[in-house]
Amino acid sequence: MTELIDGKQIASEIRLSLKSKIEKLTSKPGLAFILIGNDPASHAYVKMKKKGCLETGIHSESFFLDQNITEQELLDLIQKLNKDPKIHGILVQQPLPNHISSKKVIETINAKKDVDGFHPINVGKALLGEEDGFFPCTPFGILRLLKAANIDLTGKHVVIIGRSNIVGKPLGAMLIQKKPFLNATVTYVHSKTKDLHMHCKMADVLVAAIGIAHFVKKSFLKPGAIVIDVGINRVTSEEKSRIVGDVDFDDVHDMCSYITPVPGGVGPMTIAMLLENTYKSFLMTCD
Ligand code: NAD
């Protein structure tokens, strides 16, 4: 029997718990959004994140900047927000225009306000298993989903398809930590891996973070595998547009023990972790 891991429900419980903690505060955590240009998907993501702030009582400020803004103007804004005591988290929505260096932007954000968890200091802390930084929101959300489903990863073989800096790489680093519920054995596979199927078929837990709609089919899985679908892909058929994952849900679902749906799996958890990181940043400032 396949169990669906309901990320929407788990994220909603996390938001409710945050809301009740934030209600009791005399001052509020604050999150600044910076969005450059007119990419509709980026605008949709920021809108959802702002809605999360509103629901939990996090103060948010948005900076919608022209596509042609210079790199220096953007860095100056980040520096200003680094010093703003009302702001505990700074999120610069990716992707950035080609003339702006993503590396410079990430490194300009004060690591203590880097609630996306992309700054090299936070990446290093995640790798070292230190808890006083910020874990990147999507891998952190996946950990919390597994925990909520009571899946102990100790000794389990997790195969991660995709090695991006925001999902695949940090996820592996987090799952391999010598900590309760973690202690996984991790294999990364990617676009240059030989015999990808063979590796995937050995997975107790298969994580798909590729960015190709319906890439993972039944033939990739060992019976009873746990499948985590990170993908968000827009596909259009018969003039209707919808979001699908990197996993072909209909093909695989009766072969897994657990599976996350798309939408309603990892996506809502990413936003919930952003809100948690902002709250954590606020608490660390108060210390
Ligand atoms: P990315 O493009 O940075 O990385 C994709 C990875 O997939 C690369 O490491 C590449 O080596 C690998 N890959 C590509 N083609 C492959 C192939 N044919 N075989 C094996 N590996 C292959 O993407 P990303 O930012 O990690 O995102 C991955 C997916 O997750 C996308 O669909 C993205 O929209 C989604 N995403 C979702 C969330 C969420 O909150 N649910 C957050 C971030 C990303």
Side-chain angles (χ1 to χ4, degrees), residues 5-8 10-12 14-15 39-52 91-96 102-103 106 115-118 123 126 134-146 158-175 186-203 206-217 219-221 227-236 241-249 259-277:
I5 307 181
D6 187 346
K8 200 172 164 194
I10 299 163
S12 148
I14 292 171
R15 284 206 305 270
D39 175 46
S42 296
H43 275 269
Y45 289 138
V46 168
K47 195 173 163 193
M48 285 190 280
K49 291 168 187 174
K50 278 170 67 75
K51 186 166 169 261
L91 183 146
V92 182
Q93 184 65 41
Q94 306 271 350
L96 297 173
S102 176
K103 176 175 152 64
I106 291 169
V115 287
D116 254 339
F118 297 163
V123 174
F134 299 107
F135 295 125
C137 301
T138 302
F140 192 20
I142 294 171
L143 248 68
R144 294 286 288 273
L145 275 183
L146 292 165
V158 181
V159 176
I160 302 171
I161 321 177
R163 54 173 164 183
S164 73
N165 288 339
I166 62 166
V167 186
K169 271 192 223 165
L171 178 65
M174 290 158 77
L175 298 182
V186 176
T187 299
Y188 291 102
V189 297
H190 49 78
S191 53
K192 300 282 187 278
T193 300
K194 285 184 191 152
D195 207 351
L196 189 108
H197 270 76
M198 182 270 288
H199 291 288
C200 293
K201 268 190 110 59
M202 295 194 317
L206 184 65
V207 181
I210 317 146
I212 303 176
H214 291 166
F215 182 86
V216 173
K217 307 279 186 197
S219 61
F220 284 62
L221 299 184
V227 176
I228 305 294
D229 189 352
V230 185
I232 302 179
N233 309 289
R234 185 167 288 282
V235 293
T236 308
S241 160
R242 67 195 174 107
I243 299 291
V244 300
D246 289 345
V247 175
D248 188 340
F249 185 95
I259 186 165
T260 60
V262 175
V266 175
M269 292 301 287
T270 298
I271 300 180
M273 294 304 100
L274 172 73
L275 304 171
E276 271 211 352
N277 277 349

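Along the sequence shown, the residues carry numbers beginning at 1. Both counts, for ligands and for their atoms, begin at 1 and track the order of listing. Heavy atoms only: backbone and side chains are in, while hydrogens, waters and symmetry mates are out.
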Next item on the list: Heavy-atom distances under 4.0 Å are what count here, so tell me which part of Asn233 touches ligand 1: side chain, backbone, both or neither.
Entry: side chain

Next item on the list: Please name the residue in the list Leu206, Leu171, Leu146 that meets the side-chain contact (heavy atoms from CB on, under 4.5 Å) test with Ile228.
Entry: Leu146

Checklist line | Side-chain heavy atoms of Thr138 within contact of Ile166, under 4.5 Å | finding: no

Next item on the list: Mind running ring pair (Phe, Tyr, Trp, His ring centres under 6.0 Å) on Phe220 and Phe215 for me, showing each step along the way?
Entry: CA-CA 10 Å; Phe220 284 62; Phe215 182 86; 5.6 Å; yes

Checklist line | Which residue and heavy atom of the protein sit nearest atom 42 (C) of ligand 1, plus the separation | finding: Thr138 OG1, 3.2 Å

Next item on the list: Evaluate side-chain contact (heavy atoms from CB on, under 4.5 Å) for Met269 paired with Ile14, printing each intermediate quantity in order.
Entry: CA-CA 9 Å; Met269 292 301 287; Ile14 292 171; 3.7 Å; yes

Next item on the list: Heavy-atom distances under 4.0 Å are what count here, so tell me which part of Ile166 touches ligand 1: side chain, backbone, both or neither.
Entry: side chain

Check: Quick one: which ligand 1 atoms are inside 4.0 Å of a heavy atom on Gly267?
Finding: 40 (O), 41 (N)

Margin query: Would Gly168 count as a contact residue for ligand 1, given that I'm defining contact as a non-hydrogen atom of the residue lying under 4.0 Å from a ligand atom?
Written below: no

Checklist line | Proximal atoms of ligand 1 relative to Ile212 (non-hydrogen, under 4.0 Å) | finding: 15 (N), 18 (N)

Item checked: Nearest-contact summary for atom 2 (O) of ligand 1 - protein heavy atom, Å -> Ile210 O, 4.3 Å

Item checked: Nearest-neighbour protein heavy atom for atom 40 (O) of ligand 1, which is reported as residue plus atom name and distance -> Thr270 OG1, 2.7 Å

Check: When you measure from atom 27 (O) of ligand 1 to every protein heavy atom, which one gives the shortest distance, and what is it?
Finding: Val167 CG2, 4.5 Å

Next item on the list: Mind listing the closest non-hydrogen atom pair of Pro95 and Ser42 along with its distance?
Entry: CD-OG, 3.9 Å

Notebook entry, point to check: Which residue owns the protein heavy atom closest to atom 29 (C) of ligand 1, what's the atom, and how far is it?
Noted result: Gly211 N, 3.6 Å

Check: Which protein heavy atom lies closest to atom 3 (O) of ligand 1, and at what distance to 0.1 Å?
Finding: Ser164 CB, 3.3 Å

Notebook entry, point to check: Hey, is the main chain of Gly211 close enough, under 3.5 Å, to the side chain of Asp246 for a donor-acceptor pair?
Noted result: yes

Check: Nearest to atom 34 (O) of ligand 1, what protein heavy atom do you find, and at what distance?
Finding: Ile232 O, 3.4 Å

Check: In terms of atom number and element, which parts of ligand 1 are under 4.0 angstrom from non-hydrogen atoms of Leu196?
Finding: 20 (C)

Margin query: I need the minimum non-hydrogen distance between Leu145 and Gly7, along with the two atoms involved.
Written below: CD2-CA, 3.6 Å

Notebook entry, point to check: For Tyr45, which of Asp39, Ile232, Leu91 qualifies under side-chain contact (heavy atoms from CB on, under 4.5 Å)?
Noted result: Ile232

Notebook entry, point to check: Which heavy atom of the protein is the closest neighbour of atom 37 (C) of ligand 1, given with residue, atom name and distance?
Noted result: Val230 O, 3.0 Å

Notebook entry, point to check: From Ile106 CD1 over to Asp116 CG, what is the distance, rounded to the nearest 0.5 angstrom?
Noted result: 8.0 Å

Item checked: Contacting atoms of ligand 1, where contact means under 4.0 angstrom from a heavy atom of Gly162 -> 6 (C), 7 (O), 9 (O), 12 (C)

Note to self: For Lys8, I'd like to know if atom NZ has over 12 heavy atoms of other residues, nucleotides or ligands within 6.0 Å.
What the structure shows: no

